[in-house]
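Written out below as structure tokens is the structure these notes cover.
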Amino acid sequence: IWMSPVLVYPDAPFYTEHPEAIFKTEDGRLTDCLDVTHPTAKAFIAQMLRDKAEDGFTYFKFDFNFVQANGRTTYDPTKTRLQAKRDTFALYREVLGEDAFIMLNACCLDRATFGYADASRMGTDSSTVSWNEDACTIPRAIYEICGRTVANGIVFTVDPDVTYLTTRKDMTEQRRQVWHSYVGLYGGTVAISDPIEERLGLLDQLRIVQPSEAPQATSVYSCTDKANSRFGFVDREAGSECGVYVISDLFGLPPRNVQ
């Protein structure tokens, strides 16, 4: 289930009934975030998670983790934002237990997630729009995530965002193949949202990201340049001959070999 436990709509009953548990700006305005240091907000989050666990959910994706704490308007002014975030993620784990799989959308190596997340999103969305350095695009996703693969399989599983079985919008087939292969090198769990009975011809594409032996990999030459003209992955197995997978060029630049 995909949730954002710390956000609340202004028209939600909890928002109107418990304004004391809503995070406030320094001039006193209510935001759309819970004050996670407030006991009422903590109890609300805990009960929400218990309800979903009782409904049978075991995989939780927590998005928009906008935990706020400024030391002035929060219920507990002694908590830093880092402490408030770690307390919140600890609450998730305490309520859901060790058997639940928790994926946090941190979009960075956020130390607040360490020890509580089984997996974490490490970069921007892999949108199919054309290249624009200010947009969520596949090239930008590669650029941002590449340097964070150091955590993959060590701190948690790194989630590179969604891949695509077919081209969409203005995505070229070459770019789709590069991104699809890139995602497959991370290893880990693969989930599919397509109606598979209607996409039987695309099962080979799914197997690319589910190889029979998929060692988790770490990047080399990460974040060298925004065009990603030079990057690849190496096998992590200690003492082995490390193979480098060189991803071919995306933007018309000459491909480079990495030794």
Problem set entry | Single-linkage hydrophobic cluster, 4.5 Å side-chain cutoff, Leu34 and Tyr92 together | yes
Problem set entry | Euclidean distance, Asp63 CG relative to Met3 CE, rounded to 0.5 Å | 11.5 Å
Exercise. Can Asp161 and Ser126 be counted as having a side-chain donor-acceptor contact under 3.5 angstrom?
Worked result: yes
Problem set entry | Steps toward side-chain contact (heavy atoms from CB on, under 4.5 Å) verdict (His38, Lys42) | CA-CA 6 Å; His38 198 287; Lys42 291 181 180 179; over 6 Å; no
Exercise. Rounded to the nearest 0.5 Å, how far does CE of Met103 lie from CH2 of Trp2?
Worked result: 8.0 Å
For this session: Answer yes or no: is there a donor N or O on one side and an acceptor on the other, between the side chain of Thr157 and the main chain of Ala119, under 3.5 Å?
Result: no
Exercise. Counting only heavy atoms not in Arg111, do more than 12 fall under 6.0 Å of its CZ?
Worked result: no
For this session: Check whether more than 12 heavy atoms from other residues, nucleotides or ligands sit under 6.0 Å from atom NZ of Lys52, and answer yes or no.
Result: no
Exercise. Do the side chain of Asn152 and the main chain of Val158 share a donor and acceptor less than 3.5 angstrom apart?
Worked result: yes
For this session: Spell out, as yes or no, whether a donor-acceptor pair under 3.5 Å connects the side chain of Asn70 to the backbone of Glu26.
Result: no
Problem set entry | CA sep, side-chain torsions, deciding dist, call: Leu91, Ile45, side-chain contact (heavy atoms from CB on, under 4.5 Å) | CA-CA 9 Å; Leu91 177 64; Ile45 292 173; 4.1 Å; yes
Problem set entry | Pair Asp35-Lys24, salt bridge (Lys or Arg N to Asp or Glu O under 4.0 Å): steps then yes or no | CA-CA 8 Å; Asp35 178 355; Lys24 302 171 185 63; 6.0 Å; no
Exercise. Just how far is it from atom OG of Ser4 to atom CG of Asn65, taken to the nearest 0.5 Å?
Worked result: 6.5 Å
Exercise. Which residue, Ile1, Thr88, Thr113, Leu49, forms the side chain to side chain contact (heavy atoms under 4.5 Å, CB included) with Phe62?
Worked result: Leu49
Exercise. Is there a donor-acceptor contact under 3.5 Å from the side chain of Asp118 to the main chain of Ile102?
Worked result: yes
For this session: Measure the spacing between CZ of Arg29 and OG1 of Thr73 and express it to the nearest 0.5 Å.
Result: 11.0 Å
Exercise. Around Tyr75, counting heavy atoms of other residues, nucleotides and ligands shown, do more than 12 lie under 6.0 Å from its OH?
Worked result: no
Problem set entry | Side-chain (Arg93) to main-chain (Gly97) donor-acceptor, under 3.5 angstrom | yes
Problem set entry | Side chain Thr58, main chain Ala100, donor-acceptor under 3.5 Å | no
For this session: Verify whether the ring centers belonging to Phe14 and Phe44 lie closer than 6.0 Å.
Result: yes
For this session: Decide, yes or no, whether a salt bridge links Lys85 with Asp110 under the criterion of side-chain N to carboxylate O below 4.0 Å.
Result: yes
For this session: For Trp179 and Gln174, indicate whether the former's side chain and the latter's backbone hold a donor-acceptor pair under 3.5 Å.
Result: no
For this session: Look at the side chain of Arg175 and the backbone N and O of Ile138, then say whether any donor-acceptor pair between them is shorter than 3.5 Å.
Result: no
For this session: Determine yes or no for a side-chain-to-main-chain donor-acceptor pair under 3.5 angstrom, with Arg121 supplying the side chain and Gly123 the backbone.
Result: yes
Exercise. Should the heavy atoms of other residues, nucleotides or ligands under 6.0 Å from CG of Asp11 be counted, would the total exceed 12?
Worked result: yes
For this session: Report the residues that fulfil side-chain hydrogen bond (donor to acceptor under 3.5 Å, both in side chains) with Lys79, sequence neighbours left out, ordered by chain and then residue number.
Result: Asp87
Exercise. Do the side chain of Arg86 and the main chain of Ala112 share a donor and acceptor less than 3.5 angstrom apart?
Worked result: yes
Exercise. Given Tyr182 and Thr163, is the side-chain contact (heavy atoms from CB on, under 4.5 Å) satisfied, shown in steps?
Worked result: CA-CA 9 Å; Tyr182 177 89; Thr163 184; over 6 Å; no
